[in-house]
Protein chains: 2
Amino acid sequence: MRHTFKPLAREPVYAKVAQAIEQDIVSGALKEGSALPTEGELCEQFGVTRSSVREGIRLLEQAGLIERGAAKRLIVKSPKAAEIAAVASRSLAHGGATFREVWETLAAFYPGAARLAAARLDSKALAALKEAHAQLAKARADDIETIVSGAVDFFQLLAAGLDNRVMLAMLQSLNMMIGASLARIIDAAPNAKKRIADAQGEIIAAIEARDETKAAEWMARHIDDLMRGYKVAKVDPEARIYYGA
Amino acid sequence: MRHTFKPLAREPVYAKVAQAIEQDIVSGALKEGSALPTEGELCEQFGVTRSSVREGIRLLEQAGLIERGAAKRLIVKSPKAAEIAAVASRSLAHGGATFREVWETLAAFYPGAARLAAARLDSKALAALKEAHAQLAKARADDIETIVSGAVDFFQLLAAGLDNRVMLAMLQSLNMMIGASLARIIDAAPNAKKRIADAQGEIIAAIEARDETKAAEWMARHIDDLMRGYKVAKVDPEARIYYGA
DNA sequence: CATATTGCTATTGTCGGACAACCGAATTAG
DNA sequence: CTAATTCGGTTGTCCGACAATAGCAATATG
């Protein structure tokens, strides 16, 4: 048998361009907000044509590492939690995530988040939570839209107040995926508004009292309750989450 | 004053191309695994040049929606949990996530995951966990590499056995970010191996006994213990997580 | 006849050049 | 001195071209 060679890595030039730029970004040589050379200069430096440079730029653009700033110059960008959440939830939705998977994750993660909230939330974040709760409490029982947005806002505000971008990104990603389906639950459950408002009120009270365990317990109960609404609404738990652009 | 018009959205053609294709993917018109037209055909259908088509393709490629398959044809792809996790963790790392944020999130999320594991893990996944634990148990106390990989494998296997892609993607993302820093902790703590092995053993026992509360408690303790190692190792909790390619 | 080799063809990856639209800055007009 | 204009540079898009590659068909070989 003759000697066999491994196929040597033939990477497209545009990928190499993207990698080279990314390398300088993550290494810190290119800091956030700093401008990249123009396309023409990149061509010279890399020794490739603009077509290849531009294709590489598209990769970095989609990855959220660069964007067009003033004067159309390319500037290095730090992806914000909200964008990461948007990308992740979109990918998960396209990957075929089901209602069951999302709700299970909510049930597994949010009690821990509530526990941290009880330990951490400052008065400002707490006031925002109370404000959202008040909005929800005074909404009419048949005003589905207000109830839904109030319920989602509660989760959003709680996540935002945790002073933790990693947790925020993940919780936001979950929030985005449930937002649309909440309406169906609330629509199907007769006294949904009262149940939601009561649970959120208890959670807020526990947070204010710095009672971590109680906050976690009520959050778990709250999410269980919402999941029960799913069964009432006869939603197929294995149905795919739709892509909430 | 003359009537003023809002500046109309001038989106680059390559972005429109990407959106058009993405639309057909998420709408289901293009199913996973199906092939896209060739670049030339796309040019004709969209009425643009290959340069623009190719730039649009790069966006979709980076988004994980398409890839080059056999015969070089572009085929529609469903992003897997691992890829989503990789993208998310990279973005978070580049966004400046700190050790504190990641560890807090671990502490908040993993107990709930352990609870679900106790209820859900099948015998196969449990066997895999035990196998990893055995590997760790028989590692030498000074074999940092084996200890680290064993500790990470434990988290990975637990997440993988949950039959939940959403949770898997998020937990994997966390795992990727801590992997590198674990070595430092273990290196600094003298009896790290024993403590890790003991905690993981307890968690596995609780899972096997289907004791959800105990599994969650031991997991919380386990992560607390690892976090304590951080202080011992004198790692700055507000230091940025580096990008672990 | 079955298999291995060869050549053909379609497609991609890359190149070079071109031009209108657009932005910011320099310059000129008021 | 301010406002309008010009100007140069950059981007977005187009066109055309070519080498490299992979799949497929035709051919040679046993």
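By convention in this document, chain letters (A, B, ...) are assigned in the order of the sequence lines, proteins followed by strands, and residues within each chain are numbered from 1.
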What donor-acceptor contacts under 3.5 angstrom involve side-chain atoms of residues 41-50 of chain B, with partners at least two apart or in another chain?
{"from": "B/Glu41", "atom 1": "OE1", "to": "B/Thr38", "atom 2": "N", "distance (Å)": "3.0"}
{"from": "B/Arg50", "atom 1": "NE", "to": "B/Glu39", "atom 2": "OE1", "distance (Å)": "3.0"}
{"from": "B/Arg50", "atom 1": "NH2", "to": "B/Glu39", "atom 2": "OE1", "distance (Å)": "3.2"}

In terms of the nearest nucleotide of DNA chain D, which residue is placed more toward the 5' end: B/Arg50 or B/Glu55? B/Glu55
Length of the line joining A/Glu11:CD and C/dT14:C1', which is rounded to integer Å: 16 Å
Is any side-chain heavy atom of B/Ile57 closer than 4.5 Å to a side-chain heavy atom of B/Leu36? no
Both B/Ser51 and B/Glu41 contact DNA chain C. Taking the nearest nucleotide for each, which residue is further toward the 5' end? B/Glu41
Choose from D/dT11, C/dT12, C/dT14 the nucleotide whose nearest atom is closest to any side-chain atom of A/Glu39. D/dT11
Compare all side-chain heavy atoms of B/Leu65 with those of B/Ile21 and state whether any distance is below 4.5 angstrom. no
Rounding to an integer number of Å, can you tell me how far A/Ile57 CD1 sits from D/dT10 C1'? 11 Å
May I have the distance from B/Arg54 (atom CZ) to D/dG12 (atom P), rounded to whole angstrom? 17 Å
With heavy atoms under 4.0 Å as the rule, sort B/Thr49 into base, sugar-phosphate or nothing. base
Would you mind checking if A/Glu55 and B/Arg58 are paired as a salt bridge, meaning a charged N to carboxylate O distance below 4.0 Å? yes
A/Val235 side chain near A/Phe99 side chain, heavy-atom distance below 4.5 Å: yes
With a 4.0 Å limit, can you tell me whether B/Arg58 has a side-chain N or O closer than that to the phosphate oxygens OP1/OP2 of C/dG13? yes
5'-to-3' dot-bracket of DNA chain D (Watson-Crick, G-U; under 3.5 angstrom; crossing pairs as [ ]; | other strand): ||||||||||||||||||||||||||||||
Whole-Å distance between C/dG24 P and A/Arg68 CZ? 13 Å
Rounded distance in Å - CG (B/Leu74) to P (C/dA10): 19 Å
Whole angstrom is fine here: how far is it from CZ in B/Arg73 over to C1' in D/dT21? 15 Å
Please examine the side chains of B/Leu174 and B/Phe109, heavy atoms only from C-beta on, and report whether any two atoms are closer than 4.5 Å. yes
If you define the side chain from C-beta out and look only at heavy atoms, does anything of A/Ser91 sit under 4.5 Å from B/Val87? no
Could you tell me how far apart B/Glu44 (CD) and D/dC14 (P) are, to the nearest whole angstrom? 14 Å
Atom pair distance, as rounded to whole Å: CD1 in A/Ile75 and P in D/dT10: 17 Å
